[in-house]
J.: 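Before we start, here is the structure in question, set down as structure tokens.
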Amino acid sequence: MSEQAAPAAAAGGNRAGMKKELPEHFNAYKHVWVFIEMERGQVHPVSWELLGEGRKLADKLGVELAGALLAGPGDATGAAVKDCFEYGADLVYLMEDPILTDYRNQTYAASLTDLVNTHKPEILLLGATNLGRDLAGTVATTLATGLTADCTELAIDHEGSLAATRPTFGGTLLCTIHTLNFRPQMATVRPRVMAMPERQEGREGRIVRHSLALEESSIITKILDFIADANIEKAQLAYADIVVAGGMGLGRPENFKLVQDLAAVLGAEYGCSRPVVQKGWMPADRQIGQTGKTIRPRLYIAAGISGAIQHRVGVEGSDIILAINTDPNATIFEFAHMGIVGDALQILPALTEAFRRRLAVNRLAG
Amino acid sequence: MNIVVCIKQVPDSAQIRVHPVTNTIMRQGVPTIINPYDLFSLEAALQLRDQVGGKVIVLTMGPPMAEDALRKAMGIGADKAVLLTDRFFAGSDTLATSYALSMAISKIAETEGPIDMVFCGKQTIDGDTAQVGPGIACRLGLNQLTYISSIEALDPAKREITAQRRAEGGVQVLKTKLPVMVTMLEGSNVVRRGSMPNVLRAAREPITILNAAKAGIEDLTRCGLKGSPTVVKKVFAPKPRADKAKLVETANRSSTDIANDAVEAIFAAAPKLHTDLLGRVAQA
Ligand SMILES: Cc1cc2nc3c(=O)[nH]c(=O)nc-3n(C[C@H](O)[C@H](O)[C@H](O)COP(=O)(O)OP(=O)(O)OC[C@H]3O[C@@H](n4cnc5c(N)ncnc54)[C@H](O)[C@@H]3O)c2cc1C
Ligand SMILES: Nc1ncnc2c1ncn2[C@@H]1O[C@H](COP(=O)(O)O)[C@@H](O)[C@H]1O
């Protein structure tokens with residue numbers, strides 16, 4: 001997708017009526033694929049989220065859903081394949097090679113491109129993670145096909161084409177993008193934008209093995225080391241059940257203690273809006289929103305956050321949003337489910353107490 | 001060392017407003033800036049140049065007014081600037097953009113000598129796709145280092161570069177060969193401020209202007225809307241939620257009462273959350 005394409009269409013929508021004329025050699029392209037992102041034995045959960053979404057697209061089109069798994073040989077691969085089936089894949093294209101043990105652009109792009117050229121998917125979905133974005137750009141360019149990045153919604157239109165919706169203009173607007181005359185239609189989706197599908201225990205599928213003889217000596221980039229993050233906290237915000245966040249309305253960095261206290265009582269993660277990070281009051285990995293983390297907790301409590309669109313797109317998937325804001329006209333009340341018009345500096349400690357009491361009382365009673 | 005830095009002029013999206021009635025974008029008077037992510041790449045390029053010598057050439061594709069962004073970049077310290085501009089480029093998606101930029105980079109190499117490194121921003125704030133850099137690398141056959149948090153070593157003689165790349169759960173230390181395409185992570189360096197002599201030079205320095213023909217592009221069907229496989233079918237504003245937030249009664253009530261009501265309301269709406277929390281507390 002492009003930044004320039006959007007204004008062109010906004011201005012006149014001159015291509016909107018464009019007819020779909022798929023060149024004949026693309027007719028063989030069928031089925032929906034999800035690239036299964038596995039690093040050091042761990043599949044990124046965004047792959048399961050995409051299988052959930054891919055399942056709906058495949059059912060709508062009446063085709064199969066496949067996972068494309070590239071990995072070094074190892075025990076983890078078997079488990080990952082089983083997970084693919086249980087999260088909805090009908091089959092898994094598996095490429096196992098020592099050369100694929102760690103992610104490298106050259107090896108992964110060559111492998112995935114070859115897999116696509118051989119088995120011809122109609123739709124190829126990847127997570128909009130660092131790895132997915134690094135890979136997708138190369139693969140789409142090599143295949144000379146369209147790629148819509150960071151989609152927030154995927155659907156099949158009445159002509160059977162993939163309608164990929166994403167924010168544009170820094171998140172102020174949304175646009176729907178199609179890849180009409182090229183295959184596969186590629187899209188990336190950020191983690192947590194799509195819901196996690198239910199796992200269907202015992203669901204089975206087929207494995208189709210594929211290989212591409214690549215020699216390590218022909219691979220230019222070498223991996224010297226992998227330095228694991230000291231605090232594995234990083235990933236947890238996106239996957240937390242409950243999140244408590246503070247914005248500029250808290251006024252001073254010390255007041256974020258109130259957010260952390262409430263989070264502690266609830267066993268929750270805490271986060272913040274972007275200006276809080278820009279002020280240096282919280283580290284960047286705590287930022288929630290379009291340029292931070294997307295969250296989908298069961299409960300999101302936002303204190304002193306105005307609810308700008310860039311924040312909203314990162315929290316909309318929450319089951320319940322409780323907003324605390326002194327301004328009754330704050331935008332956040334337009335998409336929060338519950339609201340308290342009040343001073344967060346008073347309400348946050350009161351909430352901490354109320355939850356503590358409520359949970360403790362029941363413990364005694366139970 | 002010849003280093004090309006691709007920069008994009010973008011509207012300062014913090015200042016874009018949507019017209020409340022017509023739902024169209026109000027872009028009049030919205031100032032433009034250099035895509036903020038590109039500045040970290042520009043700074044990294046300048047540091048390498050200062051270290052090993054050579055020149056930094058900034059390149060942008062855009063309307064004639066994008067010259068502004070190039071002059072700003074020269075003010076910060078870039079040596080030369082190239083503006084790729086042609087009405088045939090209008091409506092380019094990432095594939096068409098990376099095509100045009102890679103043609104321009106090849107053209108630059110004809111006059112400046114082989115390009116050793118191309119820097120791109122991690123992503124733009126208006127397109128936000130992070131795909132143009134990898135697209136350029138793919139077309140020019142450059143090795144690819146994206147999401148780089150630090151460049152540990154560069155050996156121009158051996159043509160080797162070692163860098164730390166942000167991955168899931170950790171950092172990959174990668175070693176690869178020039179020529180290479182690099183995107184830097186935000187915050188990976190502190191962008192220098194323009195110096196007075198640079199700012200003065202930037203105002204006067206001629207800028208190379210390339211149209212499609214001058215960039216060596218013969219096949220115009222690979223540019224702009226024509227060369228873009230993706231088609232924007234619809235642009236729209238997000239729907240407001242039908243029902244606004246239910247407000248907890250606050251008039252003349254204590255924080256404690258308000259908080260108690262909020263907790264009850266939450267648990268009434270999500271009874272399962274309540275049980276799960278109790279379970280968790282009981283285990284603790
Ligand atoms: C390209 C781009 C990307 C962006 N990405 C993100 C992103 O990922 N995440 C993000 O959050 N933002 C992002 N932003 C910024 C976003 O536009 C807003 O500026 C930001 O979310 C506002 O943060 P805030 O609500 O904390 O601050 P403000 O807008 O200043 O709001 C503070 C709020 O606190 C309320 N308040 C004041 N005092 C109190 C009190 N005592 N108790 C309770 N409430 C009080 C005020 O009424 C107000 O509503 C992005 C912007 C751009 C341009
Ligand atoms: N029109 C352009 N001119 C110059 N560089 C660009 C242009 N568009 C994108 N880029 C470069 O590619 C990077 C990624 O852009 P994007 O794929 O749009 O997120 C940007 O940070 C720039 O470095």
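Throughout, protein chains are lettered first and strands after them, A, B, ... in sequence-line order, and every chain is numbered starting at 1.
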J.: Does a side-chain N-to-carboxylate-O contact under 4.0 Å join B:R166 and A:D134?
T.: no

J.: Evaluate the criterion side-chain contact (heavy atoms from CB on, under 4.5 Å) for residue pair A:I177 and B:V231; output intermediate values, then yes/no.
T.: CA-CA 5 Å; A:I177 295 174; B:V231 179; 5.9 Å; no

J.: Shorter than 4.5 Å, heavy atoms on both sides: which option in A:T188, A:V139, A:D157, A:L299 has the most such pairs with chain B?
T.: A:L299

J.: How long is the span from the OH atom in B:Y147 to the OG1 atom in A:T129, to the nearest 0.5 Å?
T.: 7.5 Å

J.: Heavy-atom pairs under 4.5 Å with chain B are the metric here; pick the option from A:I219, A:D319, A:L266, A:I324 that has the most.
T.: A:L266

J.: Of the backbone (N, CA, C, O) and the side chain (C-beta and beyond), which part of A:D343 lies under 4.5 Å from a heavy atom of chain B, both, or neither?
T.: neither

J.: Take A:R166 and B:T129, measure what side-chain contact (heavy atoms from CB on, under 4.5 Å) needs, and give me the verdict at the end.
T.: CA-CA 10 Å; A:R166 74 187 301 275; B:T129 77; 4.1 Å; yes

J.: Heavy atoms only, distances under 4.5 angstrom: which of A:L351, A:T179, A:I220, A:I242 has the most pairs with chain B? Name it, please.
T.: A:I220

J.: With chain B as the partner, which of A:F182, A:Y103, A:F226 has the greatest number of non-hydrogen pairs under 4.5 Å?
T.: A:F226

J.: Testing B:V180, B:I161, B:T176 for side-chain contact (heavy atoms from CB on, under 4.5 Å) with A:T221, which one passes?
T.: B:T176

J.: Can you name the nearest heavy-atom pair linking A:G339 to B:A245, along with the distance?
T.: N-CB, 4.0 Å

J.: Crowded around B:K246 NZ? As in, over 12 foreign heavy atoms under 6.0 Å?
T.: no

J.: Once rounded to the nearest 0.5 Å, what's the spacing between atom OG1 of B:T230 and atom CG of A:L147?
T.: 8.5 Å

J.: Does a sphere of radius 6.0 Å around CD in A:E153 hold more than 12 heavy atoms from other residues, nucleotides or ligands, not counting ones at 6.0 Å or beyond?
T.: no

J.: Between chain A and each of B:A265, B:A137, B:A96, B:G224, count heavy-atom pairs under 4.5 Å; write down the option with the most.
T.: B:A265

J.: Got B:K175 and A:I223 here, is their nearest side-chain heavy-atom distance under 4.5 Å?
T.: no

J.: So which residue, B:T250, B:N143, B:I136, ends up with the most heavy-atom pairs under 4.5 Å with chain A?
T.: B:N143

J.: Are B:V235 and A:L174 close enough that some pair of their side-chain heavy atoms sits under 4.5 Å apart?
T.: no

J.: What residue, out of A:Q106, A:E316, A:K222, has the most heavy-atom pairs lying under 4.5 Å from chain B?
T.: A:K222

J.: If I measure from the heavy atoms of chain B, does A:D150 come under 4.5 Å with its side chain, its backbone, both, or neither?
T.: side chain

J.: Among B:G135, B:A130, B:G187, which residue has the highest count of heavy-atom pairs closer than 4.5 Å to chain A?
T.: B:G135

J.: Is chain B contacted by the side chain of A:T291, its backbone, both, or neither, given a heavy-atom distance below 4.5 Å?
T.: side chain

J.: Where on A:A136 is there a heavy atom nearer than 4.5 Å to chain B: the side chain, the backbone, both, or neither?
T.: both

J.: Please find the pair of heavy atoms, one from A:A350 and one from B:S255, that lie closest to each other, and give the distance.
T.: CB-O, 3.5 Å

J.: Among A:R298, A:Q346, A:Q185, A:R104, which has the most heavy-atom pairs under 4.5 Å with chain B?
T.: A:R298

J.: Using heavy-atom distances under 4.5 Å, tell me whether A:N130 contacts chain B through its side chain, its backbone, both, or neither.
T.: both

J.: Would you indicate whether the side-chain heavy atoms of A:D241 and B:D276 approach each other to under 4.5 Å?
T.: no

J.: Give, for atom OG1 of A:T165 and atom NZ of B:K233, the distance between the pair rounded to the nearest 0.5 Å.
T.: 11.5 Å

J.: Can you say whether A:L224 sits under 4.5 Å from chain B via the side chain, the backbone, both, or neither, judging by heavy atoms?
T.: both

J.: In the structure I gave you, are the side-chain heavy atoms of A:T141 and B:Y99 within less than 4.5 Å of one another anywhere?
T.: no

J.: Who in residues 38-45 of chain A is close to chain B, using a strict under-4.5 Å heavy-atom cut-off?
T.: A:E39, A:R40, A:H44

J.: Return yes if a side-chain donor-acceptor contact under 3.5 Å exists between B:Q123 and A:R133, otherwise no.
T.: yes

J.: Using modelled atom types and a 3.5 Å cut-off, is there a donor and acceptor pairing between side-chain atoms of B:N260 and backbone atoms of A:A354?
T.: no

J.: Using the rule given for side-chain contact (heavy atoms from CB on, under 4.5 Å), can you reason through A:M338 versus B:L247, listing the C-alpha separation, both sets of side-chain angles and the distance that settles it, and then say yes or no?
T.: CA-CA 6 Å; A:M338 300 177 188; B:L247 298 181; over 6 Å; no

J.: Give a yes or no on whether B:R87 atom CZ has more than 12 heavy-atom contacts from other residues, nucleotides or ligands under 6.0 Å away.
T.: no

J.: Which region of A:T138, side chain (C-beta onward) or backbone (N, CA, C, O), has a non-hydrogen atom less than 4.5 Å from a non-hydrogen atom of chain B, or is it both or neither?
T.: both

J.: Out of B:T256, B:V248, B:L95, return the one with the most heavy atom pairs under 4.5 angstrom to chain A.
T.: B:L95

J.: In terms of heavy-atom pairs under 4.5 Å with chain A, which of B:I258, B:D261, B:L145 leads?
T.: B:I258

J.: Decide yes or no for B:F267 and A:R358: does some side-chain heavy atom of the first lie under 4.5 Å from some side-chain heavy atom of the second?
T.: yes

J.: Please identify, among B:K272, B:E249, B:E186, B:R165, the residue contributing the most non-hydrogen atom pairs under 4.5 Å to chain A.
T.: B:R165

J.: Please report the interatomic distance CG(A:L359) to NE2(B:H274), rounded to the nearest 0.5 Å.
T.: 6.0 Å

J.: Of the backbone (N, CA, C, O) and the side chain (C-beta and beyond), which part of B:T162 lies under 4.5 Å from a heavy atom of chain A, both, or neither?
T.: side chain

